[in-house]
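One structure is given below, encoded as structure tokens.
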Amino acid sequence: MNQRRVYDAIIIGSGIAGLNAAHAFDKNKDVLIICKENSWDCNTFYAQGGVAVAVDEKDIPSHIADTLSAGAGLCDEKAVEILCREGRDEVADLIARGMEFDKDEKGEILYTKEAAHSRNRIIHAGGDATGREIHHFLMRENPHQLLYHSTVIDLLIDGAFCHGVRIYNEIDKQCRNYYAKSVIIASGGIGALYAYHTNSKTISAEMQGIALEHGIALRDMEMTQFHPTVFIHNKGARKQLLTEALRGEGATIVDENGYRFLFDYDERGELSPRSVVSKAIFDYKAKTGQKVYLDFQNFDDAFFKERFPTIYFNMKDVGYNLPHDRVPISPAFHYMMGGIKTDLNGKIPGFENLYAIGEVASTRVHGANRLASNSLLEGLVFSKRAVRDILERGVYFKLKTFEEKCDDLIKEGDHQRKDLLREIMWNDVSIVRTQEGLAEALGKIETHLRENIGKLLRLRLLVSKEIVKSAMLRKESLGAHTITSSDS
Ligand code: SIN
């Protein structure tokens, strides 16, 4: 027991929340960051638009108001106040540490607009590669140890303490326990539960499932956000995001005849909140049978290539010449507003040393619908608060060791069942839901849960079931959750 290495902290996940939390610990602290695959296999890496931040003190109330309005009454107002106020300091801190955001020729930071923001307040880097640039920056400054290709398969919980984690290492095919004085879950959302999504392929809800197995409360799991403008005709469930910032800078959404039908749904047209745009596209396609496109006629070549280089090259690879060609689009799953219930420091109720931050957490900062580009800001703000809380509380406890067992993680047929689950979630638990569809989805999920399946699939199914049950309980549409009667 004495020989066992006990880290000061274990951080699960290497997105903005995880890496910024690691940075907040002194470099002499013994911190281990666990990555399911490579460090860049996280949602932060794929974030295109940017970081929403109040442009000055006077803009804070308006950023708060926009966030609350998108959140449709389900936000925790205190959490939103913290996000928008402390967000300015955290972005200033990131810049002081050396992170470079895009600037104009005078050296002033450029702010762009995204849907449902009442003014331009999104800062970006590398044009449309904000997440990738931030990830690279945080990795460059990270002094702590990273463990790669390791899926967390359990939390080592005893009473009010989490003593560490059990991982499965994909390289040597072994399960191991790692012990720590505190554990921070920063593992992201649930994208891989859906047939179409914009998330990293590693984002498959294990930690939310493990939380459920330990009786840890999840909250607002019906609040799943669908991004309206995604190119879905590439292979694999992860699809190509076409950032909101394109519309902020002038891209339009049109039908096969070039008609901008969004104005029939909302006077804000392309700049309506993303739930409105997603639902409008879904409805228009169903009603008319037409394809829907993102159109870039308003851009000139040079500006487009400089401002959106990632999208330019990604779409060129699949045969589209932007800004000249229009691109067929569909909504796809993008972000989970719900998650592991925490306090405003990311601490999980009932535990002394277990935290959740970023997309995996529910502080209710996003309420029923997240305002565009508020998630990178959330990662910066709540990671710092969690580490501050850990350091201030300085919890000590007698470490307990756990058996190093390896459950059956994957069983024959799980791969096919995983694909079936994705279809169930996409067909019946996505943009527009009905009680009948949800009941059918629940039945199918429960059938799979009764089968001879491995632990990893069970975790996905448990989280899916939680999403469906939460959606069934919320009988009225709110924010990103739209429920309608099947005959309407
Ligand atoms: C986007 O770039 O459109 C995504 C931004 C976000 O999800 O906040």
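Every heavy atom of this structure was used, including side-chain atoms; hydrogens, water molecules and symmetry mates were not. Counting starts at 1 for both ligands and their atoms, following the listed order.
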(request) Output yes when the distance from some N or O of ligand 1 to some N or O of Ser375 is under 3.5 Å, and no in every other case. (result) no
(request) Using distance alone, determine whether Ala245 and ligand 1 share an N or O pair under 3.5 Å. (result) no
(request) Tell me which protein heavy atom sits closest to atom 8 (O) of ligand 1, plus the residue, atom name and distance to 0.1 Å. (result) Ser373 N, 2.5 Å
(request) Examine ligand 1 and decide if any of its atoms is less than 4.0 Å from a heavy atom belonging to His227. (result) yes
(message) Taking the six-membered ring for Trp, are Tyr194 and Phe226 closer than 6.0 Å centroid to centroid?
(response) yes
(message) For atom 1 (C) of ligand 1, tell me which residue out of Asp128, Thr243, Leu242 has the closest non-hydrogen atom.
(response) Thr243
(request) Provide the number and element of each atom of ligand 1 under 4.0 Å from a heavy atom of Ala372. (result) 8 (O)
(message) Check this for me, if you would: do Arg121 and Asp66 make a salt bridge, where the nitrogen-to-carboxylate-oxygen distance has to be below 4.0 angstrom?
(response) yes
(message) Is it the case that the side chains of Thr198 and His334 hold a donor-acceptor pair, with the cut-off being a distance below 3.5 Å and no angle test?
(response) yes
(request) Could you label the plane-to-plane angle of the Phe303 and Phe299 rings as parallel, tilted or perpendicular, counting under 30° as parallel and over 60° as perpendicular? (result) parallel
(request) Kindly identify the option in Gln48, His334, Arg370 whose heavy atom sits closest to atom 4 (C) of ligand 1. (result) His334
(request) May I ask you to identify the nearest protein heavy atom to atom 5 (C) of ligand 1, giving residue, atom name and distance to one decimal place in Å? (result) Arg274 NH2, 3.5 Å
(request) Determine the interplanar angle of the Trp40 and Phe45 rings, folded into 0 to 90°, and report it as parallel if under 30°, tilted if 30 to 60°, perpendicular if over 60°. (result) tilted
(request) Answer yes when Glu222 and Lys469 have at least one side-chain N-carboxylate O distance shorter than 4.0 Å, and no when they do not. (result) no
